[in-house]
Amino acid sequence: EPDILVVDEVLAVGDAEFQKKAIGKMQDVSQEGGRTVLFVSHNMQAVSALTKQSILFENGSLINYAKTNDVINQYLTRKIIDAIYVSSNNFFDKPYIRRVEVKTTHNGNIQEHAKKLEIEFEIYTPFEIESPALSYQIYNSSEQSVIHVLNLYEENPFCEEEGTYLLRSVIPKCMLYPDNYYLKVHFANKANKTKFETIDSVCGFEVKVFNELRDYYWYSKHAVYVEKNYWESKKI
């Protein structure tokens, strides 16, 4: 029964039942016990749901202490990510990701909603990989993974020998809800479960809606994607 309970990224681990118990415990301590809970996280959805006041740190320095929504907005505006990732490494003895680029429909890293989105990956390997796997996740501004795409050697052969390979992932219609997004990329050997590299928070882009009459529909953070659908109506 602490006077101050410090919770550091507890919701990033465990299953849904564990997370539910963790949230319930934090609420019990703060609301019923009248004690302080210090919740540390990069998950903006969790921060906005669990807290009223927030503190923003950068490189160990205090940037702001204010209402949670104000702090979240400040955090997101400071987190500017370039649309192209180029590795600072130049390995010759192990596989790694050399380059990643999000090819958006418009300049300025702007992707038009419901249009084709392409992502290119340049990877290098100094030897044949038995069962290479390349995947990426698309995260939104609330630090939620909303899309996870996987490419396996068995589906699309690559890295059969030493060399540099270009892989392109194509999403014919990007139905992501208007927001700011970024990538997390994984490169591994599926056969022996070896992780070569994971690069996080790269290739930022923004999804926007153009030529849309119903402006009132596109409220920030109201959804993560738009489902394909149609309506029917008749007088009865």
Side-chain angles (χ1 to χ4, degrees), residues 9-20 41-49 76 79 81-85 87 95-105 109-123 125 129-159 165-208 221-229:
E9 294 288 11
V10 68
L11 302 183
V13 298
D15 56 17
E17 185 63 26
F18 171 81
Q19 294 183 12
K20 182 179 178 181
S41 179
H42 289 91
N43 187 321
M44 295 300 102
Q45 183 184 31
V47 170
S48 63
L76 295 176
K79 190 175 181 179
I81 305 172
D82 192 74
I84 301 176
Y85 163 82
S87 177
Y96 73 103
I97 302 166
R98 276 187 171 172
R99 189 175 186 274
V100 183
E101 180 178 359
V102 174
K103 303 177 81 68
T104 56
T105 54
N109 309 347
I110 302 299
Q111 172 64 33
E112 184 172 352
H113 172 76
K115 298 295 184 179
K116 182 172 70 173
L117 174 65
E118 295 185 17
I119 306 175
E120 288 187 350
F121 304 87
E122 188 177 303
I123 59 177
T125 179
I129 302 175
E130 181 180 355
S131 181
L134 182 72
S135 71
Y136 66 92
Q137 295 166 270
I138 298 180
Y139 282 78
N140 63 13
S141 63
S142 297
E143 312 288 330
Q144 293 175 291
S145 176
V146 295
I147 290 179
H148 188 196
V149 179
L150 170 66
N151 179 59
L152 297 175
Y153 172 83
E154 291 78 6
E155 301 167 341
N156 178 42
F158 65 106
C159 292
Y165 293 80
L166 179 66
L167 291 86
R168 180 180 293 109
S169 175
V170 180
I171 300 176
K173 281 190 174 183
C174 179
M175 302 304 292
L176 290 171
Y177 201 81
D179 198 357
N180 291 299
Y181 297 88
Y182 65 89
L183 302 185
K184 186 175 184 178
V185 187
H186 312 269
F187 182 27
N189 184 343
K190 184 172 74 73
N192 59 16
K193 311 298 183 184
T194 299
K195 176 67 72 69
F196 297 126
E197 188 176 20
T198 293
I199 54 176
D200 195 3
S201 299
V202 298
C203 299
F205 64 99
E206 182 180 0
V207 174
K208 286 189 175 183
K221 303 185 190 306
H222 269 212
V224 294
Y225 78 104
V226 180
E227 183 60 87
K228 187 177 181 180
N229 68 94

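Any value given below was found using the heavy atoms of this structure, including those in side chains, with hydrogens, waters and symmetry copies removed. None of these values were measured; they are calculated from a predicted model.
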ask   = At their closest point, which heavy atom of A83 faces which heavy atom of C203, and how far apart are they?
value = O-SG, 3.4 Å
ask   = Have Y182 and E143 got a donor and an acceptor in their side chains that come within less than 3.5 Å?
value = yes
query = Taking side chain as C-beta onward, heavy atoms only, is S131 less than 4.5 Å from N189?
reply = yes
message = Tell me the closest heavy-atom pair linking F187 and P132, and the distance in Å.
response = CE1-CB, 4.4 Å
message = Walk me through whether Y225 and V146 qualify under side chain to side chain contact (heavy atoms under 4.5 Å, CB included).
response = CA-CA 8 Å; Y225 78 104; V146 295; over 6 Å; no
ask   = Can you list the steps and then say if Y136 with F121 is a ring pair (Phe, Tyr, Trp, His ring centres under 6.0 Å)?
value = CA-CA 10 Å; Y136 66 92; F121 304 87; 5.4 Å; yes
request  = Look up atom CG in N140 and atom CG in N180, then write down how far apart they are to the nearest 0.5 Å.
outcome  = 9.5 Å
key: Minimum side-chain heavy-atom gap H222-Y177 below 4.5 Å   = yes
key: Heavy-atom pair of closest approach, residues T125 and C159   = CG2-SG, 3.8 Å
Exercise: do T105 and E112 side chains pair donor with acceptor under 3.5 Å = no
Side-chain touch I199/V185, heavy atoms, less than 4.5 angstrom = yes
ask   = So do I123 and L167 actually touch side chain to side chain, heavy atoms under 4.5 Å?
value = yes
task = Look at the aromatic rings of Y165 and F158 and report parallel, tilted or perpendicular, splitting at 30° and 60°.
result = perpendicular
task = Inspect the surroundings of NZ in K195 and state if more than 12 heavy atoms from other residues, nucleotides or ligands are less than 6.0 Å away.
result = yes
